[in-house]
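Notes for the one structure printed next.
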Amino acid sequence: QASIQSDAEVLWALLRVSLGSGSFARSKVVLIHFNGEDSPAVRRACDNALANDVKQALRRGGDGGDCFHACIELNRAAEVTEER
């Protein structure tokens, strides 16, 4: 199980969520953008300038369409829990 060690990081991750069951079962993918509030401003700006490139690279991993259904931005490691 991976964890964010510091509020001074800028990271992206994909999370697959299964909803429903049987013939109603669906799988959705969520892009998580962790934008740590304690990251130095210049580093955060440089990393976040790559956000569109990261999204495009992750989309290319799918079938040509969007390979994620939603994007969530979090700013503190404490916000990244199984419950959220």
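Reckoned from all heavy atoms, side chains included, excluding hydrogens, waters and symmetry mates.
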As an exercise, state the distance from CG of Leu50 to NZ of Lys55, rounded to the nearest 0.5 Å.
12.5 Å
Within the distance-only criterion (no hydrogens, no angle test), does the side chain of Glu9 pair as donor or acceptor with the backbone N or O of Ser6 below 3.5 angstrom?
yes
With sequence neighbours left out, the residues meeting side chain to side chain contact (heavy atoms under 4.5 Å, CB included) with Ala45 are none
Sequence neighbours left out, cut at 3.5 Å: what donor-acceptor pairs do the side chains of residues 28-36 make with other protein atoms?
unit_1, atom_1, unit_2, atom_2, d
His33, NE2, Asn48, OD1, 2.9
Asn35, OD1, Asn48, ND2, 2.9
Asn35, ND2, Glu73, OE2, 3.1

Pairs touching residues 33-48 that satisfy salt bridge (charged side-chain N to carboxylate O under 4.0 Å, His left out), sequence neighbours left out
Glu37-Arg76, Asp38-Arg76, Arg43-Asp47
Do Trp12 and Val10 pass the side chain to side chain contact (heavy atoms under 4.5 Å, CB included) test, and can you show the C-alpha distance, the side-chain angles, and the key distance before you say yes or no?
CA-CA 7 Å; Trp12 291 269; Val10 176; 3.9 Å; yes
Please set out all donor-acceptor pairs under 3.5 angstrom arising from side-chain atoms of residues 17-27, sequence neighbours excluded.
unit_1, atom_1, unit_2, atom_2, d
Arg26, NH1, Ser23, O, 3.2
Ser27, OG, Arg16, NH1, 3.2

